[in-house]
Structures are given as structure tokens and as C-alpha cells.
Number of protein chains: 4
Amino acid sequence: MSPRTPEQFDAIRSQRIRQIKDAALRLFARDGYANTSISKIAREVGMSKGLLYNYFSSKEDLLAAILEDGFAFAAALIEEVRAMSDPVERLRLVIERTFDHVAANADYWRLYTSLAFQPAANEVAGRMMEAGGTPQIVFEFTVDAFRQMQHPDPESEAWLLSAAIDGIFMHYLQIGEDYPLEKMKRYMLERFLNVLDGDGGGG
Amino acid sequence: MSPRTPEQFDAIRSQRIRQIKDAALRLFARDGYANTSISKIAREVGMSKGLLYNYFSSKEDLLAAILEDGFAFAAALIEEVRAMSDPVERLRLVIERTFDHVAANADYWRLYTSLAFQPAANEVAGRMMEAGGTPQIVFEFTVDAFRQMQHPDPESEAWLLSAAIDGIFMHYLQIGEDYPLEKMKRYMLERFLNVLDGDGGGG
Amino acid sequence: MSPRTPEQFDAIRSQRIRQIKDAALRLFARDGYANTSISKIAREVGMSKGLLYNYFSSKEDLLAAILEDGFAFAAALIEEVRAMSDPVERLRLVIERTFDHVAANADYWRLYTSLAFQPAANEVAGRMMEAGGTPQIVFEFTVDAFRQMQHPDPESEAWLLSAAIDGIFMHYLQIGEDYPLEKMKRYMLERFLNVLDGDGGGG
Amino acid sequence: MSPRTPEQFDAIRSQRIRQIKDAALRLFARDGYANTSISKIAREVGMSKGLLYNYFSSKEDLLAAILEDGFAFAAALIEEVRAMSDPVERLRLVIERTFDHVAANADYWRLYTSLAFQPAANEVAGRMMEAGGTPQIVFEFTVDAFRQMQHPDPESEAWLLSAAIDGIFMHYLQIGEDYPLEKMKRYMLERFLNVLDGDGGGG
DNA sequence: TATGAATGAGGGTTCATTCAT
DNA sequence: AATGAATGAACCCTCATTCAT
């Protein structure tokens, strides 16, 4: 009965936003952005369409918010790693962190990949992906590492490594939990970075 | 004056079907199946919506016809390669043929990949992909080859190779002609199959 | 090889028209006029849509031609019966002829009835039915007969008789060959006209 | 200012549903189900097409809801009458109630009859009519009554009575208010059940 | 005579978004 | 904060009809 404090309002607000984003991500990932209606999302969350529009001004806005969350991970990772002096060690960390993030956020990556494939399909997503130029930086890290390892063709090897990683993720996202993701992570580190042990930082 | 012969009708039909499939593939690949309307396809071809339905009974039917064309390539490749006695040589051929097909049919693979990512989004595509179980066979070819090469962990290496290939395709499909696809093909053959030369059968 | 004579052309023409009307009647009766497309009729006959339009200038024209055939029966019956001196005998003949026509042309009556129920649904049919005022005449015959039989309420009895006949037809058209149509014909003659025997004029 | 209560929403819903059903029934009855577009119904009600779909998930669903209302009458009548001990009295009541229902719901019966005539034309209606097997029960009531009245041929007489009733309805539905429906009801009761007086059970 | 390609209007349906309450 | 009624544009699809050949 007592009126809610502003803090309570904020808490409710944050929780609502989280619920909406979670439901939307799940549905976007499974059925595709275009095949997911606002109605379905609202029903999944258990709120009215109208209220959903109190938190996100459009379907695209909701998509942008979801993508933003994922970009934050990439930005944080770059930040964490930028100052490292050993390129090989840096690359190792990037790989481990990324594998773990994919394992923990499969839906996000499913959505991300499906959007990345058809940038023309969605203006907002297209613009955001162009802006969030993470991959470029990571690619340069990779070349650095192979150069330091005296690899004869660091560029090709970098392309290969990043292709292998993306391919592994693709397989994992399609096959799901039957895919030996953890094993492949260790196999990658071993084959590309000669890292023999390592518990993989598994979550 | 005299009525058209059946051959003339057939010619018109074939040409129209080809025009429609071409336009649809282009748009599906660029904008996504869900974002491509029949109207847009018809406009692209320069015909009325109604006429399109003389050739394809539904949007899904059109999609199926397009996918079928691609599956035919896979089936033909398997057929060609099945009887080969040397697994390594067989794998080499599969890789080369597939690289070439991807290079020549980028739109098809763009569409294919985008559909493969969200099988729940499209019933028809989902069913067709389940039925056309090519990847499984190709994976077994790969394991065979590495076993013959006495690789210590043929399964993991097979996973890695197929991931690398798919990743390369992903990059190529996203980046386009700037991507060094031909170079990566040679690099792959060299690194995974110890094939040193080879002009790659380039088309 | 020898060129066809005009008579042959006419014969072909008549046959085509008959085929088209037959197929159209069957489909109109079963699926309804609105649910039957020109394409379906042409396919059923085994000719092209274009050719069908050589014989009937529109779908409505085809419907009109079919209805006309049925009206011809009614007109002929009236003609045959008009001069009869005994109203009872005349009514008996009308009933027998009508039962027989319904039995032999169930599809026509199915179509006729479905159209008669919703005159607003089809302008052509509506106009034709209004013009072909057969029922009115037959009703008067019926009243005449009952008057001659000294029935205390000839009008009501006439309404009843014609309702019973129409109801029997309705049941027959809905139930089909399981319905005891012949038996009901005899029962009607017996109960309404005191006709005890009669082989029913069975065809 | 304050949001609408659930009761208010319910009231709006009920009213809209009633408006839609009323308009649809009127149009279906007059023009036929196939000739009545959702647009026309919406225009008749004065709402957008889209809103109509908030209340009925499809045109067929709307039809089903309308038919359901009519079936409810039949079920209630059967229920009311089932326990009656005197078959003749029971039949009398069924006849009176049905005449009254037809008189009060002419549009419904127009629609019903038009659908019953071409079961192949509409899957939903076909299935519902098959399931709602009222006529069969009523027919058995009728036979019972004639058997109790020692009629020499109860089955034929039952067929005749039900045909007469259906025929009367047919005439009434086609002719409209000029048809002496009330008079025919009394005439039927008198001729078939020897009921001489009766206020007609007027509703 | 004969074909079927071609059109265009209209039908059923969905959905992002707005708004009164 | 919260609801769901309401709209309108766009979507997939059908079909009577016309026309070049």
C-alpha cells in the first residue's frame, strides 16, 4: 500500500527490461527477427504490447538493445587485452574468452550470425555491426601473434584461425550441446598456439 | 497466326522459371527469405505477381526449387567421388569442388547458410535440409582421409577442417570479392592435406 | 486429312458445349458456383481456358446456359400438361415427371436449389429465376386439383403438397441414393391424390 | 485516466463479437459465405479488417461461431424434450419450437440450408454439421410418435412430415414475410398430429 | 480452332504501432 | 504503470478474363 520508492521503480524497470530482452533474444534466435512479432514477445513475457512499448520505442530499438549487450562484451574484452605485452598470450585469452562467451550466450550468437549474414535485411543491425568493428582489431591481434611466432605466412594463418573459430561456433550453434565445444577449444589452442595444457578456463 | 507449339511454350516456361529463380535467389540472399516479398520478386523480374504463381505454387515452393538446385550439386559431388579409392585424394576433390561451387554460387550459399541457422524459422527449408544429409557423408570422408594419413586424432582434425572450411566460406560470403578465397583454398590443401602445388582446378 | 464439313464442325461444337456444361454442372453442384474456377472446369473437360471462352463468353454465361437447360424441362412440362382437362390427373403427371427429372438430374437441382436460396448472391441466376416463373403456375395447378377434389382448404393443402415435394427433393439431394425417393413418390401420390397403384412411371 | 477494468474490456469484446456475428450472418445469409468478404463484413460493422481478426482468427472461425449459436438451440431443444413421456406431445413441441426458431432466425436458417446443400464447398461447415447430428434424433422422435398413433407406415409418414416441415421452411426462407408460416404451422399440427386448436405456442 | 502466358483486382491474413482509458 | 482495442499498410495468394501466337 505504501507508495513505491523511486529505487523500487528503477528496480522494476530494470527487471522488466531484462525480461523483455531475454524473451526477445530467445525468440529472435530461434525463429528469426522477421518471424518474431511483438505480440509473441509480449505474450512470452506476460505483459501487454502497450507496456512493452514503454520500454522500447520500436521493434528495431529492442533489437539494438540486445545487440548492444553483446557488443559490450567485445568492447570489454578488447579493453582487457589491449595492454597485454605478449601477443600470443593475448590471443590465447581472446580465444578462451570468446569460446566461453559463445558457450554461455548461444542465443545471442545465433541471432548475431543470422543478422551478420544479411546486412541488407535490417538497417539497424547493419549499421551497428559496421560501427562495432571488433573483428578487425581481433584479426590484427591474431596476425601479431603469428608474426611473433615467426610463422611463414602470418596473414593466411590468421585468416585460417579466425575461420576455424567461426566455423566451430557455427557448428556448435547449429548442433547444440552434442557438439564437443570444450574439446575443440583445447584442440585449437594446441594446434595453433602450441598450448598443451590449460584447463580451458571452463565455466 | 498459327498457335504456339508445345516447344515454344516450354521455352517460355523454362525462361520464366529461370528468371524468377534468379531474381528470388538474389533477393533472398541479400535481404532474407522473410524480408523478400513476392511483389518484390515479380517487380525485379518485370512480371505481375499473378504470373509468378503460374510457375510456383507458393513462396515456399519457390524456395524449395531454389534449394533443390543446390542440393543437386551436393548429390552429384557425392556420386562423383564415392567410388574413389584414395580417401585423401577424394577429400581433396571434395574441397576443391566445394570451394569452386561457393565461389560461383555465392548467393545460393548465403541463402543456404542463413536458413541453416534458424531451422525453426522455415518449415520447408528445415525439412529439406534434414533430408539432404550431405554434410554427414562429407564428414565421414574427412575422417577417413585423416585416418589414412595416420593422424593421431582424426575426428578432431576432421571437425577442425570442416569448421575451417565453413568459416572461410562465411568470411567470403560476408566480405565478398575482397576475400582471398582462392588463396585460402590452396592454403587449406597445403596445411591439411600436404598438397603443395595444384593450380586448384580454378574455374 | 480431308477438310471437315460444316456439319462436322457443328457436331464438334455441340459436343464441346455439352462436355463443358456437364463438367461445370458437376462442379458447381458439388462445390458451389463461387468455389468453382474456370480453370478447374477446363481441366476437368480436358481443354484450355481459352477454348472454353470460345463457347461461353463468361462464367455467368456458362451458368445461364446450364440453368436454361433446366428451365426448358419446366417449360416443356407445362406445355405438355396445360391442355389436360382433369386437374387431378394433370397434377399427378406433374408430380411424376418432376420426381423423375430430379432423380435423373440431381446435380442440376442441387445447383438450382443452392442458387434459389441466395438470389442476391448471383445476379444472372436471380434474374433468370425471377423470369422463369414456373413454380407459380404449378402451384395454381395444385390448387385447382384440390378444389376439384373438394378439399376443405385447397390453398393450404397446395402449400403443404408443394412443401412436401420440395422437402423430399431436399432430402434426396442431400442424402443421395440411400434416400427412398421412388417409394416416397408413390406415398405422395397415395396420400395426396388417392392414387393407389401406378408403377410410378419409373424410367 | 485510470486504465480500463477487465469488465470494461469484456463488455467491449462481447459487443464487438455480437456486432460482427450479426453483420456476418446477415451477409452470409443474403449473399452466401463465399461471396461475402471480410472487408464487406468489417465495413458493415464499421471497423477495420484488422480489428475483426482480434475477435475471430479466420473467416471460417467466424462461420463456426455463428453455426455454433444455432446448434446450441438444437441441443437445448433435444435436452428439453428428451424426458417427455408422450411421443406425440414431444413431437408437437419440437415442431412448434422449430417453427418459432425459424421464424425468429430466418437468416441463420438461410445460411444453414445453403451450407447443408453443398457440404463439399466448406470443410468447416461440413464437419460441424456431421458432428451436430440433431436431425437423426428428431427423425427418430417422429417415427416414435407415428408408431404410438398406430400409423400403418410410421417411417414413410415420418419422412413425409419432416420433408413437409423442411419444405415449408424453404418456402418461408425464400418468400419471406408474405409466406403464411404461422398458418402452416397450425395446419401441420392438425393434419399430422390431429391437434385441432393450439395457440401456436407463440413466442 | 486452340493454347496457356499474362494481368489486375480483390480476398484472407498479419503485424508494428498508436491511443483512450 | 498498464491494458488491449483499433488502425492501415503490406503480405501471400486466387481467379475471371484477355491476348499473342
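Each chain gets a letter, A, B and so on, in the order its sequence line appears, and its residues count up from 1.
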- Nucleic acid footprint by protein, nucleotides 10-15 of chain E - heavy-atom cut-off 4.0 Å, B for base, S for sugar-phosphate alone: BSSBBB
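One can place CE of M47(B) at 11 Å from P of dA5(E), the figure rounded to the nearest angstrom. Between the CD1 atom of I41(C) and the P atom of dT14(F) there is a distance of 17 Å, given to the nearest Å. The distance between atom CG of L62(B) and atom C1' of dC12(F), rounded to the nearest whole Å, is 12 Å. One interatomic measurement links the two molecules: CG of D31(C) to P of dC15(F), which rounds to 11 Å at whole-angstrom precision.
For the residue pair A106(D) and L173(D), the shortest heavy atom distance occurs at O-CD2, 3.5 Å.
Side-chain contact between M128(C) and L115(C) is absent, with no heavy atoms from C-beta onward closer than 4.5 Å. Side-chain contact check for R30(A) versus R110(A): every heavy-atom pair is 4.5 Å or farther apart. Side-chain contact between D69(C) and L25(C) is absent, with no heavy atoms from C-beta onward closer than 4.5 Å. Proximity of F56(A) to K21(A): side-chain heavy atoms (C-beta onward) are separated by under 4.5 Å at one or more points.
Remark on DNA chain E: of its neighbouring residues L52(C) and S48(B), the 5'-side contact belongs to L52(C), judged by nearest-heavy-atom nucleotide.
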- Could you walk me through whether R16(C) and V45(C) pass side chain to side chain contact (heavy atoms under 4.5 Å, CB included), step by step? CA-CA 9 Å; R16(C) 293 284 204 199; V45(C) 180; 5.6 Å; no
- Task: Apply side chain to side chain contact (heavy atoms under 4.5 Å, CB included) to I41(B) and K49(B), showing your working.
- Result: CA-CA 8 Å; I41(B) 298 170; K49(B) 270 183 302 176; over 6 Å; no
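By the 6.0 Å and 45° rule, K59(D) does not stack over the aromatic ring of Y53(D).
No contact: F56(B) has no heavy atom under 4.0 Å from any strand.
Under the Watson-Crick or G-U wobble criterion, with both distances below 3.5 Å, dT7(F) is paired with dA16(E). Applying the Watson-Crick and G-U wobble criteria (two distances, each under 3.5 Å), dA1(F) pairs with nothing in any strand.
A heavy-atom distance below 4.0 Å to DNA chain E is reached by these residues of residues 7-29 of chain B, ordered by number: F9(B), I12(B), R13(B), R16(B).
Under the 4.0 Å criterion applied to side-chain N and carboxylate O atoms, D22(A) and R18(A) are assigned as salt-bridge partners.
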